[in-house]
Amino acid sequence: MPSDTNAPVEQNPSAAVGAKVPAAPPAAVARGDGPCGPAGECAAPPCTLVIFGAGGDLTKRLLIPALYNLVVDGLLDDGMQVIGVNRGERATDQWRDDLHTSLQQFAAERSSAGKADEASWNWLAQRLHYVAGDFATPETFERVKQAMSKNGSGGNAIFYLAVGERFFKPVVEQLGKAGLLDESSAGGFRRVVIEKPFGSDLASARDLNAHILNYASEQQIYRIDHFLGKETVQSILAVRFANALFEPVWRREYIDSVQITASETLGVEGRGAFYEHTGAFRDMLPNHLFQLLAMVAMEPPNSFDAETVRDKKAEVFEAIQPLRADDVVFGQYEQGPAGVAYRAEPNVAPDSKTETYAAARVYLDNWRWAGVPFYLRTGKRLATRRTEIAVQLKRVPFLMFRDLPVDALVPNVLTLRIDPAHGTRFDFNVKVPGPTMRMGKVRSTFDYNDFFKEQANVGYETLLYDCMLGDETLFQRADSIEGSWAAVDAVLHPTAGGALPVYGYAAGGSGPAEADALLARAGHAWRPLDDEPKRP
Ligand code: BG6
């Protein structure tokens with residue numbers, strides 16, 4: 001069934017990157033300190049954003065486009081400065097030109113306007129400065145300090161670690177030793193943003209936390225999980241807690257099972273070297289998928305205050321029953337309709353045992369969820385790109401329908417669609433029109449684009465803006481990171497039986513058959529990756 005699309009869709013041309021339809025930002029609650037833009041949101045306080053890894057992909061493809069979108073939305077203060085740090089001498093002008101080229105490519109790919117707005121780009125470009133230096137040597141941090149002293153961002157600074165995980169410790173250490181994290185002498189805030197992967201198991205995450213907390217306080221650390229920047233993920237709490245329909249049934253008495261899927265059609269895309277020692281499980285499960293799990297399973301917080309929300313999420317991680325080997329299935333793509341085998345990808349060992357697919361069965365040991373399986377799966381080179389959460393309700397009693405020409409009623413399923421579709425979908429039963437009583441399954445779909453203007457968003461805008469405002473709600477606290485790793489540590493370090501088997505699946509398929517068996521044991525089945533509506 002189509003959605004009711006009677007909500008007004010405002011028109012507003014803008015050249016923001018990431019929007020398929022040029023659009024103005026939506027009305028939002030004003031949160032910043034600075035002057036307010038047309039969106040009703042206010043500019044963040046002035047600050048210097050220091051990006052370590054200025055020459056990397058993340059900077060080009062996500063951070064600079066996100067900053068540009070914030071400029072378009074009027075959310076950055078005039079005192080904003082960006083200092084890019086990378087190895088290799090190059091002039092600031094050359095760095096700006098490189099970023100401009102990739103922003104234009106990005107705009108051409110993602111925006112129907114097809115090109116970046118020059119005035120907004122120029123505003124940003126004149127605030128970009130490049131500093132060459134190694135990430136671990138003190139001289140680099142002296143150069144950063146000098147570059148920072150030349151600008152007027154009121155002592156506020158964010159240090160963004162867009163670097164490989166091996167640099168997390170040395171960069172924070174050098175920042176600390178150079179006095180750059182000392183807020184009292186800076187006269188403003190000093191924050192550190194750390195990308196994932198935050199550790200590779202419980203011991204390494206603890207070690208990393210302990211190390212960086214020698215140089216910065218917990219309140220200064222912003223651990224990013226970019227899934228939390230997705231609008232549709234943030235909306236999970238709104239759907240759950242702002243609608244009387246859902247929350248009363250959101251518990252084990254009514255919910256049969258929950259499936260969380262993040263399937264990708266892409267392979268490892270030149271990241272073979274990274275992926276070989278990370279694998280699908282570490283890359284996606286204890287971080288992105290657990291964050292989705294927490295949004296679905298957490299108790300209602302009393303407010304959107306960062307600590308309140310993060311306390312509720314931490315309780316979820318604490319309640320996860322530690323996964324055992326038989327709770328997970330690993331797979332690796334082999335040659336198939338979508339392309340070559342993982343082992344034939346560049347920088348991948350020809351006998352690699354790294355998993356490109358992982359499925360897990362997770363139970364929470366608390367009053368709301370005891371006994372309800374949460375099935376999580378993620379994989380590269382699968383049939384469709386789809387990130388979603390399907391909440392399946394229990395079947396209703398069948399007695400009154402037993403004389404009808406129907407074997408079973410379909411269970412109600414609420415699907416929270418995160419990517420690439422944005423919205424919700426609800427499967428339910430109705431009477432098929434006609435003189436006799438026949439049952440049919442129908443589907444009601446809500447799509448964000450039908451109701452709201454499509455937003456310019458690469459997913460990092462909210463995260464950067466929130467960090468400038470000092471709002472840590474969407475960032476991960478040390479205890480949650482460690483709680484997540486603790487829940488999966490036994491799978492990462494199996495003591496009995498050695499390494500877990502890795503089963504093959506065809507590139508372009510739905511994952512290994514063994515993952516189906518994981519659910520079949522409890523009478524469940526994965527939702528098809530391409531279950532588009534069918535007429536009853
Ligand atoms: C990243 C992983 O964190 O998330 C990638 O390292 C994965 O392997 C990506 O492809 C998925 O994010 P998104 O936003 O494209 O769904």
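Both counts, for ligands and for their atoms, begin at 1 and track the order of listing.
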J.: Measure from every N or O atom of ligand 1 to the protein's N or O atoms and keep only the pairs below 3.5 Å, writing each with atom names and distance to 0.1 Å.
T.:
| from | atom 1 | to | atom 2 | distance (Å) |
| --- | --- | --- | --- | --- |
| ligand 1 | 3 (O) | Lys196 | NZ | 2.8 |
| ligand 1 | 3 (O) | His288 | NE2 | 2.7 |
| ligand 1 | 4 (O) | His288 | NE2 | 3.4 |
| ligand 1 | 6 (O) | Lys196 | NZ | 3.2 |
| ligand 1 | 6 (O) | Arg271 | NH2 | 2.9 |
| ligand 1 | 6 (O) | Asp283 | OD1 | 2.7 |
| ligand 1 | 6 (O) | Asp283 | OD2 | 3.3 |
| ligand 1 | 8 (O) | Arg271 | NH1 | 2.9 |
| ligand 1 | 8 (O) | Asp283 | OD2 | 2.6 |
| ligand 1 | 8 (O) | Lys380 | NZ | 2.8 |
| ligand 1 | 10 (O) | Glu264 | OE1 | 2.7 |
| ligand 1 | 10 (O) | Glu264 | OE2 | 3.1 |
| ligand 1 | 10 (O) | Lys380 | NZ | 3.0 |
| ligand 1 | 12 (O) | His226 | NE2 | 3.1 |
| ligand 1 | 14 (O) | His226 | NE2 | 2.8 |
| ligand 1 | 14 (O) | Lys230 | NZ | 2.6 |
| ligand 1 | 16 (O) | Arg385 | NH1 | 3.4 |

J.: Cut-off 3.5 Å, no hydrogens considered: what does the side-chain donor-acceptor table look like for residues 505-519, sequence neighbours left out?
T.:
| from | atom 1 | to | atom 2 | distance (Å) |
| --- | --- | --- | --- | --- |
| Tyr505 | OH | Thr356 | O | 3.4 |
| Tyr505 | OH | Thr356 | OG1 | 2.8 |
| Tyr505 | OH | Lys380 | O | 2.7 |

J.: Can you measure from CG (Leu323) to CG (Asp489) and round to the nearest 0.5 angstrom?
T.: 11.0 Å

J.: Under the side chain to side chain contact (heavy atoms under 4.5 Å, CB included) rule, what do Gln219 and Glu472 come out as? Steps first, then yes or no, please.
T.: CA-CA 8 Å; Gln219 289 67 34; Glu472 293 185 277; 4.3 Å; yes

J.: For the pair Arg386 (side chain) and Leu529 (backbone), establish whether a donor and an acceptor sit closer than 3.5 Å, ignoring hydrogens and angles.
T.: yes

J.: Is Asp57 salt-bridged to Arg271, going by a charged N under 4.0 Å from an acidic O?
T.: no

J.: Can a donor-acceptor pair be found, under 3.5 Å and without considering hydrogens, that links the side chain of Glu276 to the backbone of Ser352?
T.: no

